[in-house]
Each structure stands twice: as structure tokens, then as C-alpha cells.
Amino acid sequence: MSTTLSPVKKWLVFTDFDGTLLDHYTYSFDAAIDCLKQLAEQGVPVIPNSSKTFAEVRYLQEKMLLKTPLIVENGAAVYIPKDFLPQKPKGAVFKHGYWLKSFAQKRQFWQGIVQSIKTDYPHQFETFGEMNIGRICELTGLNEKSARLASQREFGEPVLWLGSGEQRRNFIERIRKLGAFPLLGGRFLHVSGNSNKGKALTWLLKECVRQYPKFTFLSIALGDTNNDIDMLEVADIAVRIASPVHTLPELQRTHEVYTSVATGPQGWREIIDQLIMTTLHEDD
């Protein structure tokens, strides 16, 4: 089933990276390259919505030839190229050559919260800030350059849990009482503020609607794990990408939900071809 678009409607593609547009094991996006090129040619923005840092996402965007906004660190901040919108976005500041809208406090704040209770959980977790580049490479499979980019977090602190599930639940309860909003990702427990991929998506979508009133935007979100649920719930179309290592995220919504057969970038291309490329070709 494809969604029929009139000329005044515009697609916005919000995508997770790890396990979705990037292969879980190799971090390759080769299977989606042709699809990304076609979307760019058709003027369809592919907007990363990732747990990765600004530095990581920008590096990957350059490889993918994407010149679009980026949502980083699980919705903690949105970076918008200056020429993407005609006006300054509400509440944004200029940083790194982008309009920046942040939704969480700086990393140092969350590191302080985690450290304040660390002695109550001896040998039960490691924080990203305590890891050297070699350790990050070991845990993530990233090469050294990518690991250095991953270490440049701005708005939260990833935690590698080493203890039991019960101990982790207790830890999560403790840091919630201290004001954190922990989010369990594919590899790490992310400790940050009351932000998520869905809130960031919604904010950016509203800015597009406000600044381009002649268009009707149709949002599609693609993700493979629980930290994608918030954006999958709020997008017009939700796409769950199959994973080789974990079950699909469970959604409350039942309308306009699609699930890929293939995993990672192969599944990404499969669904984009089904939902968007067919429609664009029909419009031609």
C-alpha cells in the first residue's frame, strides 16, 4: 500500500542509524546508497534521528551526501542547516554553522548525577566518559576515528550495564528520582533529560509547517529498537526495521505501521521503495 501525494505535499524521512540505515554488525549503508541518491534527486530530506553525537552524524552525512537537519543523542538536540529553513527557528541558537535547538542539559550535569550514586553500584556499570578509545572500539565495533567521534557527547552520558537486570532496574529508578530520563538503546543505557526522538521530530516538523505554510508535510520514521518508539509513535507513518539481534519495538499505534522483512539497510530500502519511491514515480 502506498500513500498518494498531491503536488503540495512533501515527504520528510526521519531515520535511526544503528541497525536501521546502518548494518548492526558492519555499520555499512551500502544497500541503501542508490535509494538515498534517488531521494536526494527528488528533494526528499532524509533526516537522521539517532543516539549518535553531532560529530558522528555529520561524518556519516558527509559519506551519504546528505545536507539535511540532524537530530542527535536520542532527541537531545536538533541541528538545522542555515539554508534549510527561510527563518531562524524558534528558540534556536547558532552553533557549528547550524541552527541548534536543544532539549536537554549539558553532559556534565548528567555525569554528575551518575557519579553521585556510583559507589552504591560497585563494578556494575561503566560510563562512556570513563572509557578510553580502545574500550569504545571494543564495545561498539567502531574503528578508532568513529570511536573518537562517538566520545564527543554533548547532552547525555551512555552507561554500559554490567550487573543484573534487577540491579539495572534499581539504578534506573534511582536516577529517575534524581531528575534523569534514562533510555535503553541497543548497546547502552542513555542517561539524559526529558527529551526523546519523538519530541525532537515533532518540534522540527512544526517548524517546517510554520515556515512553509503552502506545503503539507508527511513524516515517515524508521527505527529498529526501543529508543525509536517515541518517534515511531508520532510520525504519520511508522516503519519497524527487522533486527538480527533483538525483537521489534512494540508500538501502541496500529495504523500506518509497516515492518520490513530484511534487516538493516536492506530493510530500509525495502520499505522506502514500497512507500515513497513508488509514489514519486507515480507523480512523474
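Here the structure is a predicted model, which is why all the values come from computation and not from measurement. Positions are given from 1 along the sequence. Side-chain atoms are counted along with the backbone in the values below, which use heavy atoms only and exclude waters and symmetry mates.
With hydrogens and angles disregarded, a donor-acceptor distance shorter than 3.5 Å links the side chain of Ser260 to the backbone of Ala242. Proximity of a side-chain donor or acceptor of Lys88 to a complementary backbone N or O of Ala92 within less than 3.5 Å is detected. Judged by distance alone, the side chain of Glu233 and the main-chain N or O of Gly198 form no donor-acceptor pair under 3.5 Å. One N or O on the side chain of Glu157 and one on the backbone of Phe128 form a donor-acceptor pair closer than 3.5 Å. Checked by atom type and distance alone, the side chain of Arg176 never pairs as donor or acceptor with a backbone atom of Pro182 at under 3.5 Å. Without hydrogens or angle criteria, Gln61 side chain to Thr68 main chain gives a donor-acceptor distance under 3.5 Å. Here the side chain of Asn49 pairs a donor or acceptor atom with the backbone of Lys197 at under 3.5 angstrom. Of the possible polar contacts, none joining the Asp273 side chain to the Glu270 backbone as a donor-acceptor pair under 3.5 Å is found. The closest donor-acceptor contact from the side chain of Trp161 to the backbone of Ser164 lies under 3.5 Å. Counting only distance, with no hydrogens or angles, the side chain of Gln152 and the backbone of Ala55 share no donor-acceptor pair below 3.5 Å.
The minimum heavy-atom distance linking Ala104 with Ser195 is given by the pair CB-OG, 3.9 Å. Of all heavy-atom pairs spanning Ala238 and Arg253, the tightest one is CB-NH1, 3.7 Å. Heavy atoms only, all atoms of each residue included: Pro69 and Ile47 are closest at O-CG2, 3.4 Å. Here the shortest heavy-atom pairing between Leu248 and Ile241 reads CD2-O, 3.9 Å. When all heavy atoms of Gly129 and Gln111 are compared, the closest pair comes out as CA-NE2, 4.2 Å. Of all non-hydrogen atoms in Pro265 and Leu21, the two that sit nearest each other are CB-O, 3.4 Å.
Taking the six-membered ring wherever Trp is involved, the centroid distance between the rings of Trp99 and Tyr79 does not fall below 6.0 Å.
When the shell of 6.0 Å around CD of Glu62 is examined, it contains more than 12 heavy atoms from other residues, nucleotides or ligands. Counting heavy-atom neighbours within 6.0 Å of Lys95 NZ, excluding the residue itself, gives a total above 12. Environment of NE2 in His96: crowded, with over 12 heavy atoms of neighbouring residues, nucleotides or ligands closer than 6.0 Å. For NZ of Lys206, the number of neighbouring non-hydrogen atoms (other residues, nucleotides, ligands) closer than 6.0 Å is 12 at most. More than 12 non-hydrogen atoms from other residues, nucleotides or ligands lie less than 6.0 angstrom from CD of Gln87.
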CA sep, side-chain torsions, deciding dist, call: Ile33, Lys37, side chain to side chain contact (heavy atoms under 4.5 Å, CB included) | CA-CA 6 Å; Ile33 287 178; Lys37 288 180 179 177; 3.7 Å; yes

| request: Report the C-alpha distance between Lys63 and Phe29 in whole Å, list the side-chain angles of each, state the deciding distance to 0.1 Å, and finish with yes or no for side chain to side chain contact (heavy atoms under 4.5 Å, CB included). | output: CA-CA 10 Å; Lys63 293 177 67 175; Phe29 60 93; 4.1 Å; yes

With side chain to side chain contact (heavy atoms under 4.5 Å, CB included) as the criterion, how do Lys106 and Phe109 come out once you've worked through the C-alpha distance, each side chain's angles and the decisive distance to 0.1 Å?
CA-CA 6 Å; Lys106 295 290 187 178; Phe109 178 83; 5.5 Å; no

Evaluate the side chain to side chain contact (heavy atoms under 4.5 Å, CB included) criterion for residues Ile220 and Val239: first the C-alpha distance (whole Å), next the side-chain angles of each, then the deciding distance (0.1 Å), finally the verdict.
CA-CA 7 Å; Ile220 177 171; Val239 178; 3.8 Å; yes

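With rounding to the nearest 0.5 Å, the separation of CD1 in Ile117 from CZ in Phe171 is 4.5 Å. The CG atom of Leu189 sits 9.5 Å away from atom CZ of Phe125, with the distance rounded to the nearest 0.5 Å. Here the CG atom belonging to Leu36 is positioned 9.0 Å from the CG atom belonging to Leu65, to the nearest 0.5 angstrom. Within the model, atoms CG of Leu85 and CZ of Arg210 stand 8.5 Å from one another, a figure rounded to the nearest 0.5 Å. Separating the CZ atom in Phe14 from the CG atom in Asp236 is a distance of 9.5 Å, to the nearest 0.5 Å. Interatomic distance, OG1 of Thr15 versus CG of Leu222, reported as 5.0 Å (0.5 Å rounding).
For the 3.5 Å distance criterion, the side chains of Asn143 and Tyr27 fail to qualify, holding no donor opposite an acceptor. Using modelled atom types and a 3.5 Å distance limit, the side chains of Gln211 and Glu207 yield a donor-acceptor pair. Donor-acceptor pairing under 3.5 Å is lacking for the side chains of Ser51 and Asn74. Using modelled atom types, one finds no donor on one side chain facing an acceptor on the other under 3.5 Å when comparing Thr53 with Glu154. Side-chain atoms of Ser28 and Asp23 form no donor-acceptor pair, as typed in the model, at a separation below 3.5 Å.
Between Asp230 and Lys199 no salt bridge is recorded (no basic side-chain N to carboxylate O distance below 4.0 Å). Between Glu126 and Arg135, at least one side-chain N (NZ, or NE/NH1/NH2) sits under 4.0 Å from a carboxylate O, which counts as a salt bridge. The existence of a salt bridge linking Arg169 and Glu173 is excluded, since no basic side-chain nitrogen approaches an acidic carboxylate oxygen closer than 4.0 Å.
Cation-pi geometry between Lys52 and Phe17 is not met at under 6.0 angstrom from the ring centre and within 45 degrees of the axis.
Tracing side-chain contacts under 4.5 Å through hydrophobic residues (I, L, V, M, F, W, Y), one reaches Trp110 starting from Leu178; they form part of the same cluster. Cluster annotation: Tyr212 and Leu12 are assigned to the same hydrophobic cluster (Ile/Leu/Val/Met/Phe/Trp/Tyr, side-chain heavy-atom contacts under 4.5 Å, transitive). In the hydrophobic cluster analysis, where Ile, Leu, Val, Met, Phe, Trp and Tyr join through side-chain heavy atoms closer than 4.5 angstrom, Ile229 is grouped apart from Leu183. Each of Val261 and Tyr258 belongs to its own hydrophobic cluster when Ile, Leu, Val, Met, Phe, Trp and Tyr are linked at side-chain heavy-atom distances under 4.5 angstrom.
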